[in-house]
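Just so you know, these numbers come straight off a predicted model, no measurement behind them. Every chain is numbered from 1, with letters handed out A, B, ... down the list of sequences.
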Amino acid sequence: MNIFADIEKRIVAALDALKIEGQLPDDLVLDGIEATPPRDPTHGDVASNAAMVLAKAARMKPRDIADALATKLAAEPDIAKVDVAGPGFLNLTFVPAFWQQAILAFREKGTEYGRTDLGLGERINVEYCSANPTGPMHVGHCRGTVFGDALSNLLAFAGYDVTREYYINDAGGQIDVLAKSAYLRYREALGEDIGEIPEGLYPGDYLKPLGASLAQQHGKALLTLPEAERLTIVRDAAIPAMMALIRTDLADLGIKHDVFFSERSLKHGNVDEVAATIGSLRAKGLVYQGNLPPPKGEPDADWEDREQTLFKSTQFGDDTDRALLKSDGSYTYFAPDIAYHKTKWDRGFARMITVVGADHAGYKKRLEAAVRAISDGKGEVDVQFCQMVRLFKNGEPFKMSKRAGTFITVRDVIDEVGRDPIRFMMLYRKANSPLDFDFAKVTEQSKENPVFYVQMAHARAKSVFRNVAEIFPDLTATSAAVTGADLTRLSDAGELDIVKKLAYFPVLVAAAARAHEPHRIAFYLYELASSFHGHWARGNETPQLRYIQADDKDLTAARLALVGAHAQVLATGLAILGVGAPEELR
RNA sequence: GCGCCCGUAGCUCAGAUGGAUAGAGCACUCGCCUUCUAAGCGAGUGGUCGCAGGUUCAAGUCCUGCCGGGCGCGCCA
């Protein structure tokens with residue numbers, strides 16, 4: 001159900017009729033015709049570009065096509081007015097009943113209103129967060145995590161079969177650093193004075209409980225073990241401990257992954273999937289021994305020409321070939337990541353999205369190349385970047401120092417501002433734009449704070465139902481009196497404005513899903529809330545416009561149907577963003 | 001040097017598959033509380049869409065070249 005798509009079909013039908021009548025060439029291809037809300041609402045309810053896109057192929061003036069089409073459409077009973085404007089825009093104005101009836105459709109669908117079948121049930125894998133298991137999440141992880149989660153919600157709502165995935169980088173050098181850092185905390189827990197944490201190790205206090213638990217479990221036994229053996233034990237305890245911290249943070253942000261995929265699990269038993277993947281690429285002639293040219297520009301004194309095992313990513317559009325093995329023979333980060341993406345392909349995902357930070361910009365092309373290579377061009381990964389978050393406190397930049405261990409954790413931010421404002425603010429911006437996050441502003445309860453503004457629109461709508469209970473106790477949101485109300489009573493322009501915005505919701509969901517841009521939902525909700533607040537305030541001056549009319553139960557019921565639909569769409573949209581839709585804000 | 005991202009009102013940002021006179025919030029000016037939540041609403045001021053070409057009936061949007069900013073650029077993940 002999508003009103004605008006229906007109108008497009010009606011326009012096409014009218015054009016077909018014109019063809020039959022000989023007013024248009026009968027071989028004219030009716031393509032690219034749109035029906036959209038006009039930018040200026042005074043132009044009408046719906047605008048179409050039909051005449052202009054067809055003009056060339058029809059070898060006619062746009063105005064002539066528009067005039068013929070206008071005459072045709074004006075004859076339809078629910079179209080009140082058709083104007084031809086500008087170069088050939090067709091502006092349609094529908095009779096109020098057209099919009100009034102639309103509310104029925106909103107209600108019929110309920111929480112499903114806005115859902116589309118765009119994805120056709122196709123499986124899609126969304127990988128996001130994937131913070132290294134070396135400590136709690138810091139605020140920098142937050143944006144991509146929230147983005148990936150909301151994008152997953154959006155795609156699911158748009159008809160995709162979404163799997164949310166977290167890639168645990170538990171096999172790289174940073175894990176050795178973690179183990180060494182944890183071992184130090186273990187010695188500390190045994191009573192040793194460890195002094196300053198050496199440069200290069202993780203100084204954070206969060207490793208202290210891990211040290212203590214190791215001490216409790218092993219006593220002094222680890223001290224006498226050979227280093228390799230001892231670090232293996234520490235590491236195997238540290239990774240789950242760090243993941244437990246991260247999972248707590250994720251839970252508090254309202255984020256749930258379906259799959260936690262361990263990099264280490266790529267090697268199991270005698271199977272090394274990384275080696276196997278490199279082998280399969282080699283079989284395709286995409287792996288070779290060679291030397292990479294140094295980057296141009298500033299000459300690098302440390303540059304050392306060396307032969308490496310390389311992947312021919314240039315064959316798939318990358319700028320340079322990429323190393324798979326380090327000079328000591330171990331894997332680069334890239335090699336297991338290819339193997340990991342191959343498991344996605346093997347698990348039946350032809351479509352993948354990977355959300356990364358802006359500092360991974362250079363990773364996009366090689367990953368796309370790798371996915372094409374392992375899937376013989378049939379698979380596709382969209383690497384989505386989230387730009388940096390700049391932290392502010394009362395307008396002053398807020399610096400993090402990782403070295404001093406004083407970085408801001410997700411926990412700090414949740415404790416300070418709460419989950420809903422974090423999520424909404426992270427999504428109230430295109431992912432590609434840097435984002436300023438001011439602790440003071442996001443907790444403010446005012447119009448300046450869009451989270452609050454949208455939530456208040458929902459709370460207000462709910463308050464109407466609370467208040468009506470005192471006058472018409474039987475007019476509950478789900479009562480037959482409300483769901484079956486006489487909608488022709490809704491005639492005010494402000495009411496119809498809200499209806500028209502609600503009608504646009506399915507179009508918006510589809511567009512946002514197609515573009516992988518959940519922020520559009522946030523902006524839409526703000527606009528919808530604005531229409532609602534505006535109409536509400538008009539009720540302050542003009543009591544007849546208020547939703548509850550004590551002397552007119554039927555009118556009240558009709559208006560409640562609108563309020564209910566409005567609250568429903570707000571709740572649905574907020575759910576996509578993972579933000580709460582509170583009943584009240586007191 | 002190369003790649004990716006960004007450049008829109010004084011500030012922070014939207015701008016749908018290319019559509020009409022480019023929008024919102026903040027700031028500034030002026031109205032509105034005997035009120036279903038004024039935690040709000042309305043009106044006004046404010047623009048060479050970084051610059052220059054090109055494609056198109058139509059360009060903030062697409063293409064090319066510049067300028068400015070951010071991120072990255074063979075064994076960090």
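Remark: aromatic rings of A/Tyr547 and A/His535 are close, center separation under 6.0 Å. Remark: aromatic rings of A/Tyr128 and A/Phe147 are distant, center separation not under 6.0 Å. Ring centroid separation for the pair A/Tyr166 and A/Phe261 does not come in under the 6.0 Å cut-off. Aromatic ring centroids of A/His533 and A/Tyr453 lie under 6.0 Å apart.
Base pairing annotation: B/U55 forms no Watson-Crick or G-U wobble pair, as no partner gives both donor-acceptor distances under 3.5 Å. If you check B/A38 for Watson-Crick or wobble pairing at under 3.5 angstrom, you find it has no partner at all. Under the Watson-Crick or G-U wobble criterion, with both distances below 3.5 Å, B/G74 is left unpaired in every strand shown. Pairing of B/U61, defined by two Watson-Crick or G-U wobble distances under 3.5 Å, is not identified with any nucleotide. Within the shown strands, B/G44 is the pairing partner of B/C28 under the Watson-Crick or G-U definition, both distances less than 3.5 Å. B/C66 is paired with B/G50 under the Watson-Crick or G-U wobble criterion, all donor-acceptor distances under 3.5 Å. Pair check for B/C33 finds none; no Watson-Crick or G-U wobble contact set falls under 3.5 Å. The base-pairing partner of B/A22, taking Watson-Crick or G-U wobble contacts with both distances under 3.5 Å, does not exist among the strands shown.
Taking the side chain of A/Leu585 as heavy atoms from C-beta on, and the options B/C32, B/U37, B/C4, the nearest nucleotide is B/U37. Closest to the A/Met52 side chain, of the nucleotides B/U37, B/A22, B/C57, is B/C57. Considering only side-chain atoms of A/Tyr526, the nucleotide from B/C13, B/G25, B/U37 that sits closest is B/G25.
For the pair A/His43 NE2 and B/G19 C1', the computed distance is 12 Å after rounding to whole Å. One can place CG of A/Leu54 at 17 Å from P of B/G19, the figure rounded to the nearest angstrom. Rounded to an integer number of Å, the gap from CZ of A/Arg520 to P of B/C13 is 19 Å. The nearest whole Å value for the distance from the CD atom in A/Gln455 to the P atom in B/U37 is 18 Å. For the pair A/Arg390 CZ and B/C11 P, the interatomic distance rounds to 14 Å; values are reported in whole Å. The separation between A/Phe437 atom CZ and B/C13 atom C1' is 16 Å, rounded to whole Å. Protein atom CD of A/Gln544 is 13 Å distant from nucleotide atom C1' of B/U35, rounded to whole Å. In this structure, OH of A/Tyr453 is placed 12 Å from P of B/A24, rounded to the nearest angstrom.
Side-chain nitrogen and oxygen atoms of A/Tyr428 include none within less than 4.0 Å of the OP1 or OP2 phosphate oxygen of B/A24. At B/A14, one or more side-chain N or O atoms of A/Ser433 fall inside 4.0 Å of OP1 or OP2 (strictly under the cut-off). Of the side-chain N and O atoms in A/Arg538, none sit less than 4.0 angstrom from OP1 or OP2 of B/C41. Listed pair A/Arg460 / B/A38 meets the phosphate criterion, a side-chain N or O lying under 4.0 Å from OP1 or OP2. Residue A/Lys56 has a polar side-chain atom (N or O) positioned under 4.0 Å from OP1 or OP2 of B/C57. A close approach under 4.0 Å does not occur between any side-chain nitrogen or oxygen of A/Trp536 and OP1 or OP2 of B/U35. A/Lys430 has no side-chain polar atom (N or O) that falls below the 4.0 Å cut-off from OP1 or OP2 of B/C6.
With its ring centre under 5.5 Å from that of the base six-membered ring and a plane angle below 30°, A/Phe89 counts as stacked on B/A20. You cannot call A/His533 stacked on the base of B/G40; the centres under 5.5 Å and planes under 30° rule is not satisfied.
Rounded to a whole angstrom, the distance from the C1' atom of B/C5 to that of B/G10 is 26 Å. Using atom P as the reference point in both B/U37 and B/G23, the two lie 34 Å apart (nearest Å). Between the C1' atoms of B/C6 and B/U12, the separation comes to 15 Å (whole Å). The same atom, C1', is picked in B/U17 and in B/U61; the two are 11 Å apart, to the nearest Å. With both ends at atom P, the span from B/G7 to B/C49 equals 14 Å, rounded to whole Å. Atom name P, nucleotides B/C51 and B/C76: the rounded distance is 42 Å, in whole Å. B/A24 and B/C41: their C1' atoms are spaced 15 Å apart (whole Å). Nucleotides B/G3 and B/G42, compared at atom C1', are 49 Å apart to the nearest Å.
Under the side-chain contact (heavy atoms from CB on, under 4.5 Å) rule, A/Ile338 has a single partner from A/Thr332, A/Leu324, A/Leu367, which is A/Leu324.
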Trace of the salt bridge (charged side-chain N to carboxylate O under 4.0 Å, His left out) decision for A/Arg559 with A/Glu495: CA-CA 8 Å; A/Arg559 288 181 175 175; A/Glu495 290 165 350; 2.8 Å; yes
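The existence of a salt bridge linking A/Arg489 and A/Asp552 is confirmed by a sub-4.0 Å separation between a basic side-chain nitrogen and an acidic carboxylate oxygen. The pair A/Asp176-A/Lys180 does not count as a salt bridge, with every side-chain nitrogen at least 4.0 angstrom from each carboxylate oxygen. A salt bridge links A/Asp497 to A/Lys501: one of the charged nitrogens lies within less than 4.0 Å of a carboxylate oxygen. The pair A/Glu517-A/Lys430 fails the salt-bridge criterion, with no side-chain N (NZ, NE, NH1 or NH2) lying under 4.0 Å from an Asp/Glu carboxylate O.
Nucleic acid contact class of A/Val53 (heavy atoms, under 4.0 Å, all strands): base. At a threshold of 4.0 angstrom between heavy atoms, the contacts of A/Phe452 include nucleobase atoms, whether or not backbone atoms are also involved. Residue contacts shown for A/Ala512 are absent, as no nucleic acid heavy atom lies under 4.0 Å away. Residue-level contact check: A/Pro434 touches the backbone only, with heavy atoms under 4.0 Å from sugar-phosphate atoms and none from bases. If you check every strand for non-hydrogen atoms under 4.0 Å, A/Ala515 touches nothing.
Position along RNA chain B of the nearest nucleotide to A/His519 versus A/Leu545 favours A/His519 as the more 5'-ward residue. Comparing A/Asn91 and A/Ile33, the nucleotide of RNA chain B nearest to each residue sits closer to the 5' end for A/Ile33.
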Going 5' to 3' through nucleotides 66-77 of chain B, assign each nucleotide B (protein heavy atom under 4.0 Å from a base atom), S (under 4.0 Å only from sugar-phosphate atoms) or - (no protein heavy atom that close). -----SS-BB-B
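Relative ring orientation between A/His141 and A/His138 is described as tilted, the plane-to-plane angle lying within the 30° to 60° band.
Summarising the local packing, NZ of A/Lys267 is surrounded by 12 or fewer heavy atoms from other residues, nucleotides or ligands at distances under 6.0 Å.
In B/C6 the O4'-C1'-N dihedral to the base is more than 90° from 0, which defines an anti nucleotide.
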